[in-house]
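Comments concern the structure below.
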Amino acid sequence: MSDQSINTDHVLQRLDQHLLLRPALSERIHRELMMELHRRGLATIDRIHDEARTKIGRPTGTIIDDINQAERDRWDAAERQAVERITREYAAAHFSAVDVDDVVDVALKREEVSSLEKVANLPNQTFRNLADKIQRFCDLPFAESQLNPAEAEGTRVALVRHLVSDQHEFIHIAKDYLQVRDFGDLTRRMLGNDDGMGRIGGKAGGMLLAYHILKQAEDPNETNFPLAIPESYYLRSDVVEDFIRLNGLDEYQTQKYKQIDDLHREYPMLRGVFRNGRFPRKVEQHLRGILDKLGNHPLIVRSSSLLEDRFGTAFCGKYASYFLANQGTVEQRLQALLGTIGEVYASIFAPDPILYRREHNLIHYVEEMAVLIQKVVGVQVGDYFLPSFAGVAFSRNEYRWSPRIRREDGLVRIVMGLGTRAVDRGGPDYPRMVALGAPTLRPESSVKEIIRSAQQTVDAINLKENRFETIRVEELLAFGPDFPMLDRIMAILRDDELYPIPGVWVDAEVSELHVTFDKLLRSTPFAARIKGWLNLLEKAYGVPVDMEFACDGEKLYLLQCRMQAQKAEVGPVRVPKDIPEADILFDAHRYVPAGQADDIIHVVYVDPAAYDAITTREQRVQVARVIGRINHSLERRSFILIGPGRWGSNDIRLGVPVRYADINHCRVLIEVARVKDGFLPEVSFGTHFFQDLVEARIDYLPLYPDDPGNRFNESFFMTSPNVLAQLLPNDADFADIIRVIHIPTASKGRTLTIAMDPDSDHALAYLR
C-alpha cells in the first residue's frame, strides 16, 4: 500500500472519529472542510458541487448572468450527501490528520461562539447559564487555528454589555481588547446569586480593559517593572439590590431627591444601617471561601459603581473604598468584610455622588454598586504592610512649573507606601511631582526646599493593630533596611547636599535619609515605562487618561484607569497692565492656569487667623458646612472662594474640610498658601479634589502672598461689609470666621475680574 493511501485512510479515520463524537456537528464540520479547501485553492465550492452532481448523474450547474436572478440553484438532499462525500475525498487527498483536527477545532469554536452569542444577547439571562456557556468555550483546546476576530466580535460585545459595562464608548474600545477566553477567568471571580445577573462596574472594568490593552503590547520577557494587576474578586452589581431588598431598605432609594442639608445629616445614620445589614447566604459563602483562600493578606474593598469611571463621568473619589488589615479568625475577618461592603453600598447615598449625579443629569438613573475586592499590593515590613511606592499618572500635565515641561508628556504624583497620599489631600507633606518628559526636573530650586517638601509620613496597614495607619518615615525605617527599593526611594543628606545611595545596601543613619525618588527616576526605566503605558492607553481610549499604580519592589501593578478630566480650552488671556493699584485685590505668579472670570459678584473669604484659632474638629467641620450652604445660596458661578491652606484636605489642620457638594457652584477656588511652622501647603494638582474642579469647570488658583513682588489686599477682605447674616441668618455666628463680600456694595457698583495667563505665569484680580 502506498504512503498516499495510508495517509488517506488515516485522515478519513480521524475525520470519522470526530464525527462519531460530535454527530450533531456533522454538517458544520463538512462545511468547514469545504471552506478550507476553497480558501487554500484546492477546490472551489462550485467545483465540488458540480462534481457531486456528476456523481449522481445530473448536469452541472449553469451560472446565470442576470443580476435579477440567483447565480446558481440550491443543493437538494441528494446533492448535499454527494457534496459531503466529494469533500471527504478532497480532504483525504490534500489534508493531514492535524489539518483535520484544526478544521474541526475551528468548527467547534464557531458552534460554541454562536451559541454563546445567542445566550449573551438574551435579555433575561441568568449569570450561571451565561458563565457555564463561557466556560464551555474556554474548555475547547487552544489550538493554532483561531477564529478571525471579526467572527466573535458580536459575542465579545454582548459579553462586555452583560458583564462589564453598557456604555457605548466603553464597549467600542473593549471589544477589540477583551477576548472571549478572558471572560472565563472573569466569571470565575464574580460573586452573586446564580439566578441573578449583574456587572463588575466602572472601576473594575476600567482596570481590566487597561490591563489587556497594555498586555497586548507587553514583552513577555520584560524584567523592568513587569505589568500586573492585583488578585481581584468582583461582587456583581445586582447583589446590592438583593441586599437592599433583604434588609427592607427600599425607602432610602428616595434619598437622592432630598435637600443637601438633609443628605449631610442623614448619611452617618445610613452608614450605620448599611454596615450592619444582612447579606444573601450564597454571597456570604462566596466571601468566606475567598477569605479562606487569601488567608490574612490585607485587602482593599473598592467601590465600582456602574456610573463610575465612565466616559464623561469619572466620579473621582465620590464613592467609598476602604482598606482591611484582614487579621484574625475567618469569622472575624468575614464580619469586617461584610461591614465594609455595607459601607461601600451606603456611599451610593452620600451627598457628593448624589450632587454629582444631579449635575450630570444622572439623578433618575437607578444606581447599582458593584464592589471590587483586591489583595493589597505590597510587602510586610515589621508590623506594617505597604507597597514600595504608589501613585497616580496623567497623560496630560496641567501642572507645568518650567518651560521645559510639555503638557502632552504627562505627570506622575508618586509617594512611598500606599497611594492614598497621592490622590487625597492629606497630611503636611508632598508627593513627588514628576513631569514625564523631564523626570528629574523638580519644582523645588534648592536642597532646603527639597527636604522641606520631602514626604515625612507614610500610609500603611498595621497588621498588629489590624487597621490602616499613618506613620512617620523614620518609624518605618526603624524596622530595618529591608524595605524593597529603599535605595531608589531615598537620598542621603550630608554636608547640606543630597546624594544618591550607592549600590542597593543603605548604609546611613535614619535621620540622614529623605524621600526623593531621585535614583528611581534617574537610574531606572520607571518614568519611561509609565509614559509608554499612558501613550498606549490614550491611543486606545482616544482621549487623555489617568491611571493609578503600585509597586511591590518587583512588579508594577495597574490599579485603575479612566478618562482624565480635561480643562476647557481657553483662548489667549491678556492680563491688563494699566489697572490702578487701589483696584487690585491680588496677583499671582506661580502655577497659573488659563482662564478668565468676569462679573464676579461675591467673594467668600475665610479669615486665616480666625480659622486657625478654632480648637475643635467639630467647629472646623461646621465651617465647611456653612461654606456649603453659602455655595447653594449664591448664584451659580457668580462668586469665588478664598481660604487658607488646602481646601478639601483630609487633615483639618491644613485647610477647610469642604467636600465637592460644598464648593461645586463657585467660579474660582483660591488657596492662600502661606508658610506656617516652616510648612508651605501643597497645591491640589492631580488629586481627586483637583479632578472635581476640572470637571465642574472651576478654575483653581494658588496664591503665595509671602513671595516677593506678589500683592494681596488683605484689608479689602477684612474691612468690607460682611453680608453673611443677611444671606444665612441662622449662620450669623460664623461671621467672625467667614466673610461674604458683595463686591458691588463694597466697590461702588463695580464687579471683580480675574485674568489668568499661563504663558506669562501671571494672574490678576481687579475691580472694574
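In this text the structure is predicted, and so the values were computed from the model without any measurement. By convention here, the first residue in the shown sequence is residue 1.
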Between the main-chain N or O of Arg659 and the side-chain N or O of Asp662, is there a donor-acceptor pair closer than 3.5 Å?
yes
Enumerate donor-acceptor pairs with a distance under 3.5 Å from any side-chain N or O in residues 384-397 to protein atoms, sequence neighbours excluded.
from	atom 1	to	atom 2	distance (Å)
Tyr384	OH	Glu469	OE2	2.8
Ser388	OG	Pro484	O	3.1
Ser388	OG	Gly553	N	3.3
Ser395	OG	Glu538	OE1	2.7
Ser395	OG	Val545	N	2.9
Ser395	OG	Val545	O	3.3
Arg396	NH1	Glu538	OE1	3.1
Arg396	NH1	Glu538	OE2	3.2
Arg396	NH2	Glu538	OE2	2.8
Asn397	OD1	Tyr399	N	2.7
Asn397	ND2	Tyr399	O	3.4

Specify the closest pair of heavy atoms between Ser304 and Ile200, including all atoms of both residues, with the distance to one decimal.
OG-O, 2.8 Å
If we only count heavy atoms from C-beta on, is the Pro230 to Val376 side-chain gap below 4.5 Å?
no
Should Tyr700 and Glu671 count as side-chain neighbours, where that means a heavy-atom distance under 4.5 Å?
yes
Between Val447 and Glu497, which heavy-atom pair has the shortest distance, and what is it?
CG2-OE1, 3.9 Å
Which residues pass the side chain to side chain donor-acceptor pair (under 3.5 Å) test with Asp587, not counting sequence neighbours?
Arg711
Among Leu498, Ile501, Asp518, Thr516, which one satisfies side-chain contact (heavy atoms from CB on, under 4.5 Å) with Met490?
Ile501
Charged N-O contact under 4.0 Å between Asp309 and Lys203:
no
State whether the side chain of His172 and the backbone N or O of His168 hold a donor-acceptor pair below 3.5 Å, judged by distance alone.
no
Side-chain donor/acceptor of Gln560 to backbone N/O of Leu558, under 3.5 Å:
no
Using the side-chain contact (heavy atoms from CB on, under 4.5 Å) definition, which of the options Val434, Asp487, Ile414 pairs with Leu520?
Ile414
Is it the case that the side chain of Asp352 and the backbone of Ala661 share a donor-acceptor pair, with hydrogens and angles ignored and the cut-off at 3.5 Å?
yes
Please assess Leu476 against Phe483 for the test side chain to side chain contact (heavy atoms under 4.5 Å, CB included), listing each intermediate value before the final yes or no.
CA-CA 9 Å; Leu476 182 68; Phe483 189 87; 3.8 Å; yes
Evaluate Val164 against Leu208 for side chain to side chain contact (heavy atoms under 4.5 Å, CB included), listing each step before the verdict.
CA-CA 9 Å; Val164 184; Leu208 274 183; 5.7 Å; no
Listing request: all salt bridge (Lys or Arg N to Asp or Glu O under 4.0 Å) pairs with a residue in residues 168-177, at least two apart in sequence or in separate chains.
Glu153-Lys175
Less than 4.5 Å apart, side chain to side chain, heavy atoms only: is that true for Leu299 and Gln374?
no
For the residue pair Ile492 and Ala508, what are the closest heavy atoms and their distance?
CD1-CB, 3.9 Å
Distance-only, no hydrogens or angles: does the Ser165 side chain make a donor-acceptor pair with backbone N or O of Gln167 under 3.5 Å?
yes
Taking the side chain as every heavy atom from C-beta outward, state whether Asn710 and His589 have any atom pair closer than 4.5 Å.
yes
How about Ile640 and Leu701: do any of their side-chain heavy atoms sit closer than 4.5 Å?
no
Do the rings of Tyr541 and Phe311 sit parallel, tilted or perpendicular, given the 30° and 60° boundaries?
parallel
Can a donor-acceptor pair be found, under 3.5 Å and without considering hydrogens, that links the side chain of Asp761 to the backbone of Val592?
yes
Got a donor-acceptor contact below 3.5 angstrom from the Trp647 side chain to the Ile670 backbone?
yes
Pair Leu641-Ile663, side chain to side chain contact (heavy atoms under 4.5 Å, CB included): steps then yes or no:
CA-CA 8 Å; Leu641 288 172; Ile663 53 91; 3.4 Å; yes
Nearest non-hydrogen partners of Asn664 and Ile698, listed with the distance:
O-CD1, 3.8 Å
With heavy-atom distances below 4.5 Å as the criterion, would you say the side chains of Gln456 and Val473 are in contact?
no
Side chain to side chain, Leu764 and Thr753, heavy atoms closer than 4.5 Å
no
Do Ser305 and Phe315 touch side chain to side chain, with heavy atoms closer than 4.5 Å?
no
For the backbone of Ala588 and the side chain of His762, can you confirm whether one donor and one acceptor N or O come within less than 3.5 Å of each other?
no
Do other residues, nucleotides or ligands put more than 12 heavy atoms under 6.0 Å from Lys519 NZ?
yes
How far apart are the closest heavy atoms of Met756 and Pro593, and which atoms are they?
CB-O, 3.2 Å
Check this for me, if you would: do Glu308 and Arg302 make a salt bridge, where the nitrogen-to-carboxylate-oxygen distance has to be below 4.0 angstrom?
no
Under 3.5 Å, is there a donor-acceptor pair between the side chain of Asn535 and the main chain of Gly532?
no
Asp707/Arg590 ion pair, N-O < 4.0 Å
yes
Is it the case that Arg432 and Ser453 place a side-chain donor and acceptor less than 3.5 Å from each other?
no
Tell me whether Glu509 contacts the main-chain N or O of Ser511 through its side chain, where contact means a donor paired with an acceptor under 3.5 Å.
no
Not counting sequence neighbours, list each pair that qualifies as a side-chain hydrogen bond (donor to acceptor under 3.5 Å, both in side chains) and has a residue in residues 210-222.
Glu218-Arg529
Evaluate ring-ring contact (aromatic ring centres under 6.0 Å, His included) for Tyr557 paired with Phe549, printing each intermediate quantity in order.
CA-CA 5 Å; Tyr557 290 81; Phe549 61 86; over 10 Å; no
Residues forming a side chain to side chain donor-acceptor pair (under 3.5 Å) with Tyr660, sequence neighbours excluded:
Glu359
Those residues that, when tested against Phe468, pass ring-ring contact (aromatic ring centres under 6.0 Å, His included) (two or more places apart):
Phe323
Applying salt bridge (Lys or Arg N to Asp or Glu O under 4.0 Å) to Asp409 and Lys531, what does each step give before you reach the verdict?
CA-CA 7 Å; Asp409 285 336; Lys531 190 172 187 296; 3.8 Å; yes
When the ring centroid of Phe517 is compared with that of Phe526, is the distance short of 6.0 Å?
no
